[in-house]
Amino acid sequence: MIIQMLHEKGVRSEHAYIAAFVSIGLSIATWATSLNAEPGAGVDRADRWGIFVGEWAPTFFGLGLALSHYEQQDGTLTASVQPPAARP
């Protein structure tokens, strides 16, 4: 039901996969920023921030997979791979 609603709002599996990869980069950036911006807090706080943001990636990958399955059933999955041509 939620996947169908997201699909109807225009969210596609590609969007979720892109968000997952962006969140991986954001996790690294958050860790480095926290490490430099809060020098007295130490590595522990930076690790917690990095892990917090890093937990978003599996969620987005799972959402992308669910949307991909819905798109396959709905017939709206777009792929650049074409099936092999039939031989005579």
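Quick note: numbers below take in every heavy atom, side chains included, and nothing from hydrogens, waters or symmetry partners.
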Exercise. Report the hydrophobic cluster partners of Val22, with the cluster defined as I, L, V, M, F, W, Y residues connected by side-chain heavy atoms closer than 4.5 angstrom, directly or transitively.
Key: Ile18
Exercise. Would you give the length of the straight line joining atom OG of Ser27 to atom CH2 of Trp49, rounded to the nearest 0.5 angstrom?
Key: 11.5 Å
Self-check item: Flag, side chain of Ser23 to backbone of Ala20, donor-acceptor distance under 3.5 Å
Solution: yes
Quiz prompt | Gap separating the CE atom of Met5 from the CD atom of Glu8, nearest 0.5 angstrom | solution = 9.0 Å
Exercise. Just jot down the side-chain hydrogen bond (donor to acceptor under 3.5 Å, both in side chains) partners of Gln73, sequence neighbours excluded, or say none.
Key: none
Practice problem: Could you list all the salt bridge (charged side-chain N to carboxylate O under 4.0 Å, His left out) pairs where at least one residue sits in residues 44-68, not counting sequence neighbours? | Solution: Glu38-Arg45
Practice problem: Any chance you could measure Thr33, atom OG1, to Ile28, atom CD1, to the nearest 0.5 Å? | Solution: 11.5 Å
Exercise. Please check if Val11 and Tyr70 belong to a single hydrophobic cluster, counting links between Ile, Leu, Val, Met, Phe, Trp and Tyr side chain heavy atoms closer than 4.5 Å.
Key: yes
Exercise. Could you tell me whether the side chain of Glu71 and the main chain of Ser13 form a donor-acceptor pair under 3.5 Å?
Key: yes
Quiz item: To the nearest 0.5 Å, what is the distance between OG (Ser68) and CZ (Arg12)?
Solution: 12.0 Å
Quiz item: How would you list, by chain and number, every residue that makes a side chain to side chain contact (heavy atoms under 4.5 Å, CB included) with Leu26, sequence neighbours excluded?
Solution: Thr30, Val53, Trp56
Self-check item: Those residues that, when tested against Phe61, pass ring-ring contact (aromatic ring centres under 6.0 Å, His included) (two or more places apart)
Solution: Phe21
Self-check item: Leu65: side chain to side chain contact (heavy atoms under 4.5 Å, CB included) partners, not counting sequence neighbours
Solution: Tyr17, His69
Self-check item: Straight-line distance of Ile3 CD1 to Leu63 CG, nearest 0.5 Å
Solution: 5.0 Å
